[in-house]
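This report concerns only the one structure given below.
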Amino acid sequence: MLAGKRILLIVGGGIAAFKALDLIRRLRERGATVTPVLTRAAEEFVTPLSASALSAQKVYRDLFSLTDEHEMGHIELSRAADLVVVAPATADLMAKMAGGHANDLASTLLMATDKRVLIAPAMNVRMWEHPAMQRNLATLQGDGILTVGPNEGDMACGEYGPGRMSEPLEIVAAVEAALADGPLKGKHIVVTSGPTHEPIDPVRYIANRSSGAQGTALARALAGMGAQVTFVTGPASVPPPGGVKVVKVETAQQMLEAVTSALPADAAIFAAAVADWRMASAQGEKIKKDGSGRPPVLEFTENPDILATVSQMPSGRPKLVVGFAAETETVIDHATAKRARKGCDWIVANDVSPETGIMGGTENAVTLITDTGADSWPRMSKEQVANRLANEIAAALG
Ligand code: C5P
């Protein structure tokens, strides 16, 4: 529910702007007050009259409007909301945000706000995949901007791929996560997720079968309970949840760096399947067959153990540090030993033998190992495991 919440909705100029009108309705149905801001380009797609009629609010359009400045200055407008939502966030608006431009009302509000900002990108697939766009996205995510979508699918321009704006109800869910009042409100939690990719040479890498599903579900559940979540993810096959700060990494070393720079945190949950080893020296050129019939010898070196490093931090250690243990035999014994070895508070242990179908699947059967012993949970969906674990975390952080 969003009762009493105030949303400043900036509508960018793209064909997905028509969905912003439905978004206004959906947000209002849940009790939110929505103040729309239309860019010049947005007015080519939706009219101020529709936005005003659906929101039952004045629509803001112009930076240099004497009347608006007299009624409510743009600085005040940028701060009067609980959350700023940009939907659709066009390539142009995102570039302006990443570059810190302030040359129209929307970009100025985004620069001036002291509130969290959630963007729902929407653009042609090639624009989305363009290196400039991906650079801007990384900058925005690094600045703490929250994202939802885009989805993959048919596009208005006739192409297919990622770039479709999330559906209004998906955006509403991300808004609810970003504004969630719950037992974890005010707590910062770092979650790692997904596999890591360790390069062998420029084209090959060492990976594992982790999909990132459990870490993603957990981050979503924690955000849903009000936590501010920093989600550090390797190249996962499931998309990251909305309403969290996403930091994308490839290697274990990058993951460690991202985690330490995200601290301080109240809790850190290490759900990533980090590669234990990386190449002692990754080759700068593709390794070629040399005609001798002898395969190359790959020399490995141990990766930093992120869980152990954070668990054993001499100062600034999160109050609760949780590791995962994916085992294929004597799960509880191994996981109990792992908890002691790494110095973490809890271990969430599971059996990933191929016959369980857990690795890459939708279900999980876990045992939670704490200082009071081992508690085995029945097999359930990864979402249910995430919700139950999030509840335990909320209770522990009190
Ligand atoms: O030792 P093992 O890989 O089985 O431990 C699994 C736990 O340790 C997981 O929580 C995983 O995220 C974490 N881990 C880590 N850094 C590593 C290896 C594992 O944080 N290099």
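Note that ligands are numbered from 1 as they come in the structure, with each ligand's atoms numbered from 1 the same way. We number each residue from 1, following the sequence as shown.
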Counting non-hydrogen protein atoms only, what is the nearest one to [atom]? Give residue, atom name and distance.
atom	answer
atom 20 (O) of ligand 1	Leu307 N, 2.8 Å
atom 16 (N) of ligand 1	Ile306 N, 3.0 Å
atom 7 (C) of ligand 1	Phe324 O, 2.9 Å
atom 21 (N) of ligand 1	Pro304 O, 2.8 Å
atom 12 (O) of ligand 1	Ala272 O, 2.6 Å
atom 3 (O) of ligand 1	Asp276 OD1, 3.7 Å

Flag Lys338 as yes when one of its N or O atoms lies below 3.5 Å from any N or O atom of ligand 1, and as no otherwise.
-> yes
Would you check whether Phe270 has a nitrogen or oxygen atom less than 3.5 angstrom from a nitrogen or oxygen atom of ligand 1?
-> yes
Those residues that, when tested against Asp92, pass side-chain hydrogen bond (donor to acceptor under 3.5 Å, both in side chains) (two or more places apart) = none
Which part of Ala273 is near ligand 1, with near meaning a heavy atom under 4.0 Å away: side chain, backbone, both or neither?
-> neither
Where's the contact between Lys342 and ligand 1, heavy-atom distance under 4.0 Å: side chain, backbone, both or neither?
-> side chain
Looking just at side-chain N and O atoms, do [X] and [Y] make a donor-acceptor pair shorter than 3.5 Å?
X	Y	result
Ser50	Thr47	yes
Ser107	Asp104	yes
Arg278	Asn303	yes
Asn151	Glu170	yes

Criterion side chain to side chain donor-acceptor pair (under 3.5 Å) against Arg6, the qualifying member of Asp82, Thr33, Thr35 = Asp82
Is any NZ, NE, NH1 or NH2 atom of the basic residue among Asp351 and Arg379 found under 4.0 Å from an Asp or Glu carboxylate oxygen of the other?
-> no
Gly323: numbered ligand 1 atoms lying under 4.0 Å from its heavy atoms | 10 (O)
Spacing of Gln57 atom CD and Ile24 atom CD1 [to the nearest 0.5 Å] = 10.0 Å
